[in-house]
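Here is the naming used below: chain letters follow the sequence lines, and residue numbers restart at 1 for every chain.
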Number of protein chains: 2
Amino acid sequence: MSKKQLIMESALELFAKQGFEATSVQQITEHAGISKGAFYIAFKSKDELIIGLIDHFLLEFISEIDHVVKNQNDDHKLLNEFYTAAFHSFQKHSDFAKIFIKEQTQTVNEDLISKMHHYDKLIDKIILQMLERLYGEDIRSTKYDLIFCVKGFINTYAHLFLFFNVPFNLSLLSQSLAEKTYLLARHSEITFISEELYQTLNEPWDENITEEQIIEIIEQKIEEVEESTVRESLMLLKQHVQEPSLSQVIVKGLLANLKDHPNCKQISYLLRNYLGL
Amino acid sequence: MSKKQLIMESALELFAKQGFEATSVQQITEHAGISKGAFYIAFKSKDELIIGLIDHFLLEFISEIDHVVKNQNDDHKLLNEFYTAAFHSFQKHSDFAKIFIKEQTQTVNEDLISKMHHYDKLIDKIILQMLERLYGEDIRSTKYDLIFCVKGFINTYAHLFLFFNVPFNLSLLSQSLAEKTYLLARHSEITFISEELYQTLNEPWDENITEEQIIEIIEQKIEEVEESTVRESLMLLKQHVQEPSLSQVIVKGLLANLKDHPNCKQISYLLRNYLGL
DNA sequence: TATACTAATGACTGTTCGGTCATTTGTCAA
DNA sequence: TTGACAAATGACCGAACAGTCATTAGTATA
């Protein structure tokens, strides 16, 4: 086994137990039976190690569930197989899965956040593909909610068999979740995550948008909308972006004017982030 | 505002952004505009601070959802009101909610784990009460799965409005989750979390069980079961607990014999933990 | 003003952290 | 056996950590 692999396996075990932040490089090298220097030959930093782990295992996870969705031709078995594949993958690499679930929210590192976001989108794509194949037009308005439910189910139940040392019947679990997914797909009608909201969520969060870009988007929006309150609010906000002059409370009010207009949620979000509110 | 409150609010903000481990006492005191010494007058340690935060806010959260369940007499509104109350509470104390969601898995501190477990059980109890009132006997076999689904929904969607700076329509979200909960309660039939599994999950995990206790449980089980394989396995395991004599692989095999017997999951779990496997 | 007492300070301690690098060890071909 | 090179070491660094305590500032009473 290469030194890199040895380190990764040792780190995996310790990260799973204690979390990333709470595990020191010293502990990892001691556990792997190597020196501290050897660690820094294999990895440039502790951060590079966790990024390596995430890459390695998430790619495997994604390729496994993708394989199921692409190759299981029997629609009646698909959902079940999907959950089974997901949970098997989690079980096979339970140490990694623990880290993944723990660090999903915890992470501070910028690179890691965007990496996670990227993989999350890939997973969404696979789930969406599966749901659209199974239910097609029937779930046109609820498909994004369904994606979140599927991911929520996996997360919630993965928690159980990862953090409790109890014997689980994974096949029964998969059946149960397949049934739940089917029920929601067939019967649920209320849309919470609309197409537009989903797009907004998937935008890179903090990616520094320039003044020019935001002005351009505002101008475009001004041409689109007709309602006078919204138009005027947008024009005032545009001026404010170009040359800050309004007090914070007024800006908030103008943003509130946009809030209820169906097509202005995104721009309201962008502006709020851009202006640091 | 008392010094204690001032510290708690400052800490809340920083913990929400960076997590508990990554935030130093120095940062907290600087942010609060006080000295390091003043911090240690108000709190004995950094750990005591987070425990204080958890206690303060979780008790409030729990009392709020409990109030809704106990006082909303219209069954048709109950689910909706429940989700609304939960999300409002999360929104009102969004900094705390972020910490709560982050530290749910991350925490290493022993006291904090058992505290979280305690509050989790309280929340379960409230949800169960609500579900039983609404659906009674219809959900006898699926009620524990429903609890997990409800908690999963809250977690999954809370993630959205906590970590994305997007304007959400919480009332629509509550309606949508109420519909989903209703659908699952009315139509889902497969039980994954059985009464027994639920009990096992809610046992204190590592609480050191004595040899006497485990022997007693085994003996009780031996009398219950009839199948000879299981009986003999239990008897051998009992001997092994009293006087270790079997190799690890044999013990594993004996435990595997119990695995499929429906009433032996708990004992298999206890033994595995007790024997350190 | 003098005294007594509490509240608050921040320099300090002992550790531990991630990361570096001069030195040693191991492994080749010559 | 030698010399050249790579692999590995662990003592060491500055920084940051949680927590302490002698000292000072602030306040109320006599």
Side-chain angles (χ1 to χ4, degrees), chain A residues 1-56 95 99 102-103 106-113 115-116, chain B residues 1-56 95 99 102-103 106-113 115-116:
Chain A
M1 183 179 358
S2 78
K3 199 126 281 188
K4 224 166 168 161
Q5 266 183 284
L6 176 68
I7 294 172
M8 280 169 98
E9 282 180 25
S10 287
L12 209 50
E13 216 174 295
L14 294 169
F15 287 165
K17 262 189 234 151
Q18 316 170 344
F20 175 66
E21 298 250 28
T23 304
S24 70
V25 174
Q26 194 113 337
Q27 278 179 288
I28 298 168
T29 56
E30 271 167 23
H31 191 259
I34 60 167
S35 71
K36 215 170 169 186
F39 175 92
Y40 284 95
I41 291 170
F43 294 94
K44 266 197 285 204
S45 68
K46 198 185 160 190
D47 278 359
E48 208 198 50
L49 165 61
I50 190 132
I51 288 179
L53 286 172
I54 298 270
D55 270 337
H56 183 269
D95 277 344
I99 299 169
K102 280 185 181 175
E103 302 298 327
Q106 194 64 4
T107 290
V108 184
N109 183 301
E110 271 300 320
D111 285 355
L112 199 42
I113 291 183
K115 194 142 244 168
M116 291 288 226
Chain B
M1 185 178 357
S2 79
K3 201 126 277 187
K4 224 166 170 163
Q5 265 184 286
L6 177 70
I7 294 171
M8 280 170 97
E9 282 180 23
S10 286
L12 209 50
E13 214 174 295
L14 294 168
F15 287 165
K17 263 190 232 147
Q18 317 169 344
F20 175 68
E21 299 250 27
T23 303
S24 69
V25 173
Q26 193 113 340
Q27 279 179 284
I28 298 168
T29 57
E30 272 166 23
H31 190 261
I34 58 165
S35 71
K36 217 170 171 186
F39 175 92
Y40 285 96
I41 292 171
F43 294 94
K44 267 197 284 205
S45 67
K46 198 184 158 189
D47 278 358
E48 208 198 51
L49 165 62
I50 189 129
I51 288 180
L53 286 173
I54 298 270
D55 270 337
H56 183 269
D95 278 342
I99 299 169
K102 280 185 182 174
E103 302 299 326
Q106 193 66 0
T107 290
V108 184
N109 183 304
E110 271 300 321
D111 286 353
L112 200 42
I113 291 182
K115 194 141 242 168
M116 290 288 226

Enquirer: With the side chain counted from C-beta on, respond yes when B/F15 and B/I50 share a heavy-atom pair under 4.5 Å apart, and no when they do not.
Expert: yes

Enquirer: Once each nucleotide of nucleotides 23-28 of chain D is scored for protein heavy atoms under 4.0 Å, what B/S/- sequence comes out, 5' to 3'?
Expert: ------

Enquirer: Quick one: list whatever passes side chain to side chain donor-acceptor pair (under 3.5 Å) with A/K46, sequence neighbours left out.
Expert: none

Enquirer: In whole angstrom, what separates A/E30's CD from C/dT16's P?
Expert: 11 Å

Enquirer: Of all the heavy-atom pairs spanning B/H31 and B/L14, show the shortest one and how long it is.
Expert: CB-CD1, 3.8 Å

Enquirer: In residues 35-42 of chain B, what donor-acceptor pairs under 3.5 Å come from side-chain atoms, sequence neighbours left out?
Expert:
{"from": "B/S35", "atom 1": "OG", "to": "B/A38", "atom 2": "N", "distance (Å)": "3.2"}
{"from": "B/K36", "atom 1": "NZ", "to": "B/Q26", "atom 2": "OE1", "distance (Å)": "3.4"}

Enquirer: Are A/F20 and A/L49 side-chain neighbours, meaning at least one heavy-atom pair lies under 4.5 Å?
Expert: no

Enquirer: Sequence neighbours left out, what passes side chain to side chain donor-acceptor pair (under 3.5 Å) with B/T23? Give chain and number order.
Expert: B/Q18

Enquirer: Can you check the A/I50 CD1 to C/dG18 P distance for me, whole Å?
Expert: 12 Å

Enquirer: Which atom names give the shortest non-hydrogen contact between B/M8 and B/F43, and what distance separates them?
Expert: CG-CZ, 3.8 Å

Enquirer: Roughly, in whole Å, what's the span from CD in A/Q18 to C1' in C/dC17?
Expert: 14 Å

Enquirer: Looking at every heavy atom in both B/A22 and A/E21, which two are closest together, and how far apart are they?
Expert: CB-OE2, 3.6 Å

Enquirer: Counting N and O atoms only, with roles assigned by atom type, does the side chain of B/E13 sit under 3.5 Å from a partner on the main chain of B/S10, one being a donor and the other an acceptor?
Expert: no

Enquirer: Between the protein and nucleotides 24-26 of chain C, which nitrogen or oxygen pairs are less than 3.5 angstrom apart?
Expert:
none

Enquirer: Nearest 0.5 Å, what's the NE2-CD1 distance between B/H56 and B/I51?
Expert: 15.5 Å

Enquirer: Protein within reach of the bases, or only the backbone? For nucleotides 4-19 of chain D, mark each nucleotide 5' to 3' as B, S or -, using heavy atoms under 4.0 Å.
Expert: ----BBB------SBB

